[in-house]
Amino acid sequence: MKIDRLIGILSILLQKEKVTAPELAEKYEVSRRTINRDIEALCKAGIPIVTAQGQNGGISIMEGYKIDSKLLTSADMQAILAGLRSLDSVSGTNQVAQLMEKLSAGASNVIPGSQNILIDLSSWYRESLAPKVDCIRKSMDRHYTISFHYYAPKGESYRTIEPYYLIFRWSSWYVWGYCRDRKDYRLFKLNRMDELRQGEPFTARSVPLPDLGNERIFPGGIRVKALFEPECKWRLVEEFGTNCFEEREDGKLLFHAGYTDAENLLTWLLTFRDKAVLLEPEELREELIASVKKMERMYKEG
(Lines give C-alpha, C1' and ligand atoms only; values in the text may rest on other atoms or scores of the structure.)
Protein backbone atom coordinates (compact mmCIF):
# COMPACT_ATOMS: atom_id res chain seq x y z
CA MET A 1 0.00 0.00 0.00
CA LYS A 2 1.19 3.50 -0.82
CA ILE A 3 0.61 4.88 2.69
CA ASP A 4 2.74 2.11 4.23
CA ARG A 5 5.51 2.83 1.74
CA LEU A 6 5.37 6.57 2.45
CA ILE A 7 5.61 5.96 6.21
CA GLY A 8 8.52 3.59 5.63
CA ILE A 9 10.38 6.08 3.40
CA LEU A 10 9.82 8.89 5.90
CA SER A 11 11.13 6.71 8.75
CA ILE A 12 14.28 5.93 6.76
CA LEU A 13 14.84 9.59 5.89
CA LEU A 14 14.41 10.64 9.52
CA GLN A 15 17.06 8.19 10.66
CA LYS A 16 19.60 8.13 7.80
CA GLU A 17 21.66 11.08 6.64
CA LYS A 18 21.07 10.32 2.97
CA VAL A 19 19.54 7.59 0.78
CA THR A 20 19.30 7.15 -2.99
CA ALA A 21 16.21 6.54 -5.10
CA PRO A 22 17.56 3.20 -6.45
CA GLU A 23 18.06 1.98 -2.85
CA LEU A 24 14.46 2.83 -1.96
CA ALA A 25 13.16 1.32 -5.21
CA GLU A 26 14.97 -1.95 -4.50
CA LYS A 27 13.82 -2.05 -0.87
CA TYR A 28 10.14 -1.55 -1.69
CA GLU A 29 10.26 -3.43 -5.01
CA VAL A 30 8.88 -0.54 -7.06
CA SER A 31 10.25 1.59 -9.91
CA ARG A 32 12.39 4.70 -9.47
CA ARG A 33 9.55 6.66 -11.01
CA THR A 34 7.24 5.46 -8.22
CA ILE A 35 9.80 6.52 -5.60
CA ASN A 36 10.05 9.95 -7.23
CA ARG A 37 6.26 10.30 -7.01
CA ASP A 38 6.40 9.24 -3.34
CA ILE A 39 9.04 11.90 -2.60
CA GLU A 40 6.87 14.48 -4.36
CA ALA A 41 3.88 13.41 -2.24
CA LEU A 42 5.93 13.81 0.95
CA CYS A 43 7.01 17.28 -0.15
CA LYS A 44 3.39 18.26 -0.76
CA ALA A 45 2.61 17.04 2.74
CA GLY A 46 5.04 19.60 4.13
CA ILE A 47 8.11 17.41 4.71
CA PRO A 48 11.23 19.48 3.79
CA ILE A 49 13.00 16.94 1.54
CA VAL A 50 16.20 17.88 -0.28
CA THR A 51 17.47 16.04 -3.37
CA ALA A 52 20.98 16.34 -4.80
CA GLN A 53 22.34 15.06 -8.10
CA GLY A 54 25.78 13.68 -8.82
CA GLN A 55 28.13 11.10 -7.37
CA ASN A 56 27.49 12.03 -3.73
CA GLY A 57 23.88 12.96 -4.31
CA GLY A 58 20.78 11.45 -2.82
CA ILE A 59 17.61 12.18 -0.89
CA SER A 60 17.66 13.66 2.59
CA ILE A 61 15.60 15.74 5.01
CA MET A 62 16.55 19.35 5.73
CA GLU A 63 18.90 19.76 8.68
CA GLY A 64 17.08 20.57 11.93
CA TYR A 65 13.98 18.58 11.01
CA LYS A 66 15.28 15.15 12.03
CA ILE A 67 14.41 13.45 15.29
CA ASP A 68 17.20 13.36 17.84
CA SER A 69 18.31 9.73 18.01
CA LYS A 70 19.01 10.22 21.74
CA LEU A 71 15.31 10.78 22.41
CA LEU A 72 14.88 7.04 23.00
CA THR A 73 17.66 4.91 24.41
CA SER A 74 18.33 1.35 23.34
CA ALA A 75 16.65 0.07 26.53
CA ASP A 76 13.60 2.25 25.88
CA MET A 77 13.20 0.92 22.34
CA GLN A 78 13.76 -2.69 23.46
CA ALA A 79 10.92 -2.39 25.97
CA ILE A 80 8.58 -0.75 23.44
CA LEU A 81 9.26 -3.33 20.74
CA ALA A 82 8.94 -6.28 23.13
CA GLY A 83 5.44 -5.11 23.98
CA LEU A 84 4.54 -4.44 20.34
CA ARG A 85 5.93 -7.78 19.20
CA SER A 86 3.68 -9.61 21.66
CA LEU A 87 0.63 -8.31 19.76
CA ASP A 88 1.71 -10.23 16.64
CA SER A 89 1.60 -13.46 18.64
CA VAL A 90 -2.13 -12.88 19.19
CA SER A 91 -3.20 -11.35 15.89
CA GLY A 92 -1.54 -13.98 13.71
CA THR A 93 -0.15 -11.22 11.45
CA ASN A 94 3.24 -9.54 11.12
CA GLN A 95 2.01 -5.95 11.22
CA VAL A 96 4.12 -5.10 14.26
CA ALA A 97 7.15 -6.78 12.70
CA GLN A 98 6.74 -4.44 9.73
CA LEU A 99 6.51 -1.47 12.10
CA MET A 100 9.69 -2.63 13.84
CA GLU A 101 11.45 -2.72 10.47
CA LYS A 102 10.36 0.87 9.78
CA LEU A 103 11.56 2.02 13.18
CA SER A 104 14.87 0.19 12.97
CA ALA A 105 15.79 1.25 9.43
CA GLY A 106 19.20 2.87 9.63
CA ALA A 107 19.07 3.06 13.41
CA SER A 108 21.20 0.17 14.60
CA ASN A 109 22.50 2.36 17.41
CA VAL A 110 18.95 2.62 18.78
CA ILE A 111 17.69 -0.92 18.14
CA PRO A 112 20.39 -3.58 18.54
CA GLY A 113 20.07 -6.75 16.50
CA SER A 114 19.75 -8.94 19.58
CA GLN A 115 16.21 -8.86 20.97
CA ASN A 116 16.43 -10.59 24.34
CA ILE A 117 12.84 -10.09 25.55
CA LEU A 118 10.23 -12.28 23.85
CA ILE A 119 6.57 -12.20 24.89
CA ASP A 120 4.16 -14.74 23.40
CA LEU A 121 0.50 -14.10 24.28
CA SER A 122 -0.87 -16.78 21.96
CA SER A 123 -2.66 -19.88 23.22
CA TRP A 124 -3.92 -23.29 22.12
CA TYR A 125 -6.94 -21.42 20.75
CA ARG A 126 -4.93 -19.11 18.47
CA GLU A 127 -6.92 -19.93 15.31
CA SER A 128 -10.21 -18.96 16.95
CA LEU A 129 -8.76 -16.28 19.25
CA ALA A 130 -7.09 -14.06 16.64
CA PRO A 131 -10.34 -13.28 14.72
CA LYS A 132 -12.10 -12.48 18.02
CA VAL A 133 -9.36 -10.08 19.10
CA ASP A 134 -9.44 -8.43 15.68
CA CYS A 135 -13.25 -8.07 15.69
CA ILE A 136 -13.30 -6.62 19.22
CA ARG A 137 -10.48 -4.15 18.53
CA LYS A 138 -12.20 -2.85 15.40
CA SER A 139 -15.53 -2.61 17.24
CA MET A 140 -13.94 -0.63 20.08
CA ASP A 141 -12.18 1.74 17.69
CA ARG A 142 -15.37 2.42 15.71
CA HIS A 143 -17.80 2.27 18.66
CA TYR A 144 -19.83 -0.69 17.45
CA THR A 145 -21.55 -3.22 19.70
CA ILE A 146 -20.64 -6.89 19.60
CA SER A 147 -22.98 -9.84 20.06
CA PHE A 148 -22.06 -13.41 20.92
CA HIS A 149 -23.24 -16.71 22.33
CA TYR A 150 -21.68 -17.11 25.79
CA TYR A 151 -20.96 -20.27 27.80
CA ALA A 152 -20.78 -19.68 31.57
CA PRO A 153 -20.87 -21.96 34.63
CA LYS A 154 -24.48 -20.87 35.27
CA GLY A 155 -25.60 -21.65 31.74
CA GLU A 156 -25.60 -20.36 28.17
CA SER A 157 -26.89 -16.98 26.99
CA TYR A 158 -26.78 -14.60 24.05
CA ARG A 159 -25.25 -11.23 24.95
CA THR A 160 -24.87 -7.83 23.31
CA ILE A 161 -22.30 -5.48 24.82
CA GLU A 162 -20.62 -2.15 24.18
CA PRO A 163 -16.91 -3.13 24.25
CA TYR A 164 -14.45 -0.77 25.97
CA TYR A 165 -11.37 -2.70 27.11
CA LEU A 166 -9.57 -5.77 25.77
CA ILE A 167 -7.68 -7.36 28.66
CA PHE A 168 -5.04 -10.07 28.95
CA ARG A 169 -4.80 -11.45 32.47
CA TRP A 170 -4.71 -14.79 34.31
CA SER A 171 -3.28 -16.33 31.08
CA SER A 172 -6.50 -15.56 29.19
CA TRP A 173 -8.12 -12.81 27.13
CA TYR A 174 -11.21 -10.92 28.30
CA VAL A 175 -13.36 -8.08 27.05
CA TRP A 176 -14.84 -5.52 29.45
CA GLY A 177 -17.97 -3.73 28.35
CA TYR A 178 -21.48 -2.56 29.11
CA CYS A 179 -23.88 -5.51 28.86
CA ARG A 180 -27.21 -4.35 27.48
CA ASP A 181 -28.95 -7.46 28.82
CA ARG A 182 -27.76 -7.02 32.43
CA LYS A 183 -27.68 -3.19 32.33
CA ASP A 184 -24.24 -3.18 33.91
CA TYR A 185 -20.54 -3.59 33.13
CA ARG A 186 -19.32 -7.16 32.79
CA LEU A 187 -16.12 -9.09 32.05
CA PHE A 188 -16.35 -11.82 29.39
CA LYS A 189 -13.76 -14.48 28.59
CA LEU A 190 -13.02 -14.74 24.87
CA ASN A 191 -12.59 -18.53 24.91
CA ARG A 192 -16.20 -18.88 26.10
CA MET A 193 -17.57 -16.83 23.19
CA ASP A 194 -19.05 -18.25 20.01
CA GLU A 195 -20.75 -16.70 16.98
CA LEU A 196 -19.10 -13.33 17.68
CA ARG A 197 -20.24 -10.57 15.32
CA GLN A 198 -20.15 -6.79 15.09
CA GLY A 199 -23.45 -5.01 15.66
CA GLU A 200 -24.71 -1.45 15.54
CA PRO A 201 -22.95 1.85 16.36
CA PHE A 202 -23.31 3.23 19.88
CA THR A 203 -22.50 6.45 21.72
CA ALA A 204 -19.55 5.89 24.03
CA ARG A 205 -20.22 6.19 27.76
CA SER A 206 -18.06 7.56 30.53
CA VAL A 207 -16.65 4.16 31.42
CA PRO A 208 -15.17 3.16 34.79
CA LEU A 209 -11.92 1.22 34.65
CA PRO A 210 -12.51 -2.50 35.16
CA ASP A 211 -11.88 -3.73 38.70
CA LEU A 212 -9.37 -6.52 38.16
CA GLY A 213 -8.61 -7.17 41.81
CA ASN A 214 -8.34 -10.87 42.58
CA GLU A 215 -10.68 -10.39 45.50
CA ARG A 216 -13.42 -9.32 43.05
CA ILE A 217 -12.89 -11.85 40.27
CA PHE A 218 -11.76 -14.68 42.52
CA PRO A 219 -13.48 -14.02 45.86
CA GLY A 220 -12.07 -17.20 47.45
CA GLY A 221 -15.12 -17.96 49.55
CA ILE A 222 -14.24 -21.65 50.06
CA ARG A 223 -11.52 -22.33 52.61
CA VAL A 224 -9.69 -25.44 51.45
CA LYS A 225 -7.41 -27.78 53.35
CA ALA A 226 -5.91 -30.79 51.58
CA LEU A 227 -2.98 -33.18 51.88
CA PHE A 228 -0.67 -33.71 48.89
CA GLU A 229 2.13 -36.15 48.15
CA PRO A 230 5.65 -34.58 47.95
CA GLU A 231 5.85 -35.01 44.15
CA CYS A 232 2.99 -32.50 43.78
CA LYS A 233 5.06 -29.61 45.17
CA TRP A 234 5.99 -28.16 41.77
CA ARG A 235 2.33 -27.85 40.75
CA LEU A 236 1.30 -26.20 44.00
CA VAL A 237 4.16 -23.70 43.74
CA GLU A 238 3.34 -22.97 40.09
CA GLU A 239 -0.38 -22.49 40.64
CA PHE A 240 -0.55 -20.98 44.16
CA GLY A 241 2.97 -19.95 45.19
CA THR A 242 5.38 -21.16 47.85
CA ASN A 243 3.26 -20.04 50.82
CA CYS A 244 0.23 -22.21 50.05
CA PHE A 245 1.42 -25.30 51.95
CA GLU A 246 3.31 -26.50 55.02
CA GLU A 247 5.76 -29.36 54.62
CA ARG A 248 5.19 -32.03 57.29
CA GLU A 249 7.85 -34.29 58.81
CA ASP A 250 6.70 -37.20 56.63
CA GLY A 251 7.25 -35.06 53.52
CA LYS A 252 3.57 -34.60 52.71
CA LEU A 253 2.26 -31.12 51.97
CA LEU A 254 -0.61 -29.60 53.97
CA PHE A 255 -2.27 -27.28 51.50
CA HIS A 256 -4.47 -24.34 52.54
CA ALA A 257 -6.01 -21.70 50.26
CA GLY A 258 -9.20 -19.90 49.32
CA TYR A 259 -11.11 -21.21 46.31
CA THR A 260 -13.85 -19.47 44.39
CA ASP A 261 -15.92 -22.31 42.92
CA ALA A 262 -16.76 -25.74 44.35
CA GLU A 263 -17.06 -27.47 40.96
CA ASN A 264 -13.69 -26.16 39.80
CA LEU A 265 -12.11 -27.19 43.09
CA LEU A 266 -13.31 -30.79 42.82
CA THR A 267 -12.24 -30.99 39.17
CA TRP A 268 -8.82 -29.61 40.06
CA LEU A 269 -8.31 -32.12 42.88
CA LEU A 270 -9.19 -35.02 40.59
CA THR A 271 -6.32 -34.08 38.27
CA PHE A 272 -3.97 -35.22 41.04
CA ARG A 273 -5.64 -38.66 41.08
CA ASP A 274 -4.42 -40.55 44.19
CA LYS A 275 -1.81 -37.93 45.13
CA ALA A 276 -4.23 -35.62 47.01
CA VAL A 277 -6.81 -35.97 49.80
CA LEU A 278 -9.34 -33.23 50.55
CA LEU A 279 -9.67 -32.62 54.30
CA GLU A 280 -11.90 -29.54 54.46
CA PRO A 281 -14.62 -28.41 53.92
CA GLU A 282 -16.40 -31.58 55.06
CA GLU A 283 -19.41 -31.20 52.75
CA LEU A 284 -17.19 -31.04 49.66
CA ARG A 285 -15.18 -33.97 50.93
CA GLU A 286 -18.40 -36.03 51.05
CA GLU A 287 -19.35 -34.82 47.57
CA LEU A 288 -15.92 -35.83 46.24
CA ILE A 289 -16.20 -39.29 47.81
CA ALA A 290 -19.64 -39.76 46.23
CA SER A 291 -18.27 -38.71 42.82
CA VAL A 292 -15.37 -41.15 43.07
CA LYS A 293 -17.73 -44.00 43.99
CA LYS A 294 -20.02 -43.15 41.08
CA MET A 295 -17.03 -43.13 38.70
CA GLU A 296 -15.97 -46.53 40.04
CA ARG A 297 -19.45 -47.99 39.34
CA MET A 298 -19.49 -46.49 35.84
CA TYR A 299 -16.11 -48.01 34.99
CA LYS A 300 -17.08 -51.41 36.37
CA GLU A 301 -20.39 -51.42 34.51
CA GLY A 302 -18.81 -50.10 31.34
Side-chain angles (χ1 to χ4, degrees), residues 79-80 82-93 95-96 117-222 235 238-241 257-268 271:
I80 292 171
L84 291 176
R85 193 187 303 110
S86 68
L87 297 178
D88 273 350
S89 67
V90 180
S91 65
T93 68
Q95 292 178 342
V96 176
I117 302 177
L118 302 176
I119 304 173
D120 191 338
L121 301 181
S122 60
S123 71
W124 293 108
Y125 309 98
R126 177 170 177 168
E127 289 186 4
S128 62
L129 182 63
K132 292 176 183 177
V133 170
D134 183 59
C135 176
I136 294 171
R137 289 183 67 182
K138 289 178 179 177
S139 299
M140 289 191 299
D141 291 342
R142 301 169 185 171
H143 293 151
Y144 275 79
T145 63
I146 57 172
S147 299
F148 49 87
H149 190 89
Y150 197 65
Y151 298 86
K154 294 182 179 180
E156 302 174 29
S157 60
Y158 193 80
R159 301 293 187 93
T160 297
I161 72 168
E162 300 168 6
Y164 290 104
Y165 290 98
L166 192 60
I167 301 164
F168 181 80
R169 200 177 185 197
W170 315 296
S171 302
S172 297
W173 282 94
Y174 300 81
V175 59
W176 167 268
Y178 183 80
C179 179
R180 292 188 169 181
D181 303 277
R182 299 296 186 266
K183 309 298 182 187
D184 198 4
Y185 295 95
R186 292 286 190 274
L187 195 66
F188 297 93
K189 195 172 187 176
L190 268 59
N191 281 345
R192 295 180 183 172
M193 292 179 176
D194 192 21
E195 303 173 17
L196 174 64
R197 57 177 57 90
Q198 192 176 86
E200 61 185 17
F202 66 89
T203 302
R205 304 168 186 264
S206 179
V207 187
L209 288 172
D211 184 356
L212 301 179
N214 288 344
E215 64 277 3
R216 173 180 170 84
I217 308 301
F218 304 117
I222 304 173
R235 269 194 65 182
E238 178 181 325
E239 298 177 28
F240 287 89
Y259 222 86
T260 183
D261 181 82
E263 187 65 29
N264 287 340
L265 168 61
L266 297 180
T267 302
W268 177 70
T271 65

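Only this structure's heavy atoms are used, side chains among them; waters, hydrogens and symmetry mates stay out. For this chain, numbers begin at 1 and follow the sequence in order.
Atom OH in Y174 sits 4.5 Å away from atom NZ in K189 (nearest 0.5 Å). To the nearest 0.5 Å, atoms CD (E200) and CD (E162) are separated by 9.0 Å. Atom-to-atom distance recorded for L190:CG and I167:CD1 is 10.5 Å, nearest 0.5 angstrom. Within the model, atoms OH of Y151 and CZ of R192 stand 12.5 Å from one another, a figure rounded to the nearest 0.5 Å. Note that the OG1 atom of T160 and the CZ atom of R197 stand 9.5 Å from one another [nearest 0.5 Å].
Counting only heavy atoms from C-beta outward, the side chains of Y150 and R186 never approach each other to under 4.5 Å. A heavy-atom distance below 4.5 Å is found between the side chains of W268 and E239. The shortest side-chain heavy-atom distance between M193 and W173 does not fall under the 4.5 Å cut-off.
What you find for S206 and Y185 is that their closest heavy atoms are O-OH, 4.0 Å. Here the closest heavy-atom approach between residue Y164 and residue R205 is recorded as OH-N, 3.1 Å. Here the closest non-hydrogen pair linking S139 and I146 is OG-CG2, 3.3 Å. Across all non-hydrogen atoms, the minimal contact from P208 to Y165 is O-CE1, 4.2 Å. Here the shortest heavy-atom pairing between R159 and D181 reads CA-OD2, 3.4 Å.
The aromatic rings of F240 and Y259 lie tilted to each other, with the angle between the two planes from 30° to 60°.
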Where do L196 and I136 land on the side-chain contact (heavy atoms from CB on, under 4.5 Å) test, with the steps shown first?
CA-CA 9 Å; L196 174 64; I136 294 171; 4.1 Å; yes

side-chain contact (heavy atoms from CB on, under 4.5 Å) between L209 and W176, intermediate numbers included
CA-CA 9 Å; L209 288 172; W176 167 268; over 6 Å; no

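Residues K138 and D134 are paired through a salt bridge, judged by an N-O separation under 4.0 Å between the basic side chain and the carboxylate.
Between F202 and Y178, the distance separating the two ring centers is not shorter than 6.0 angstrom.
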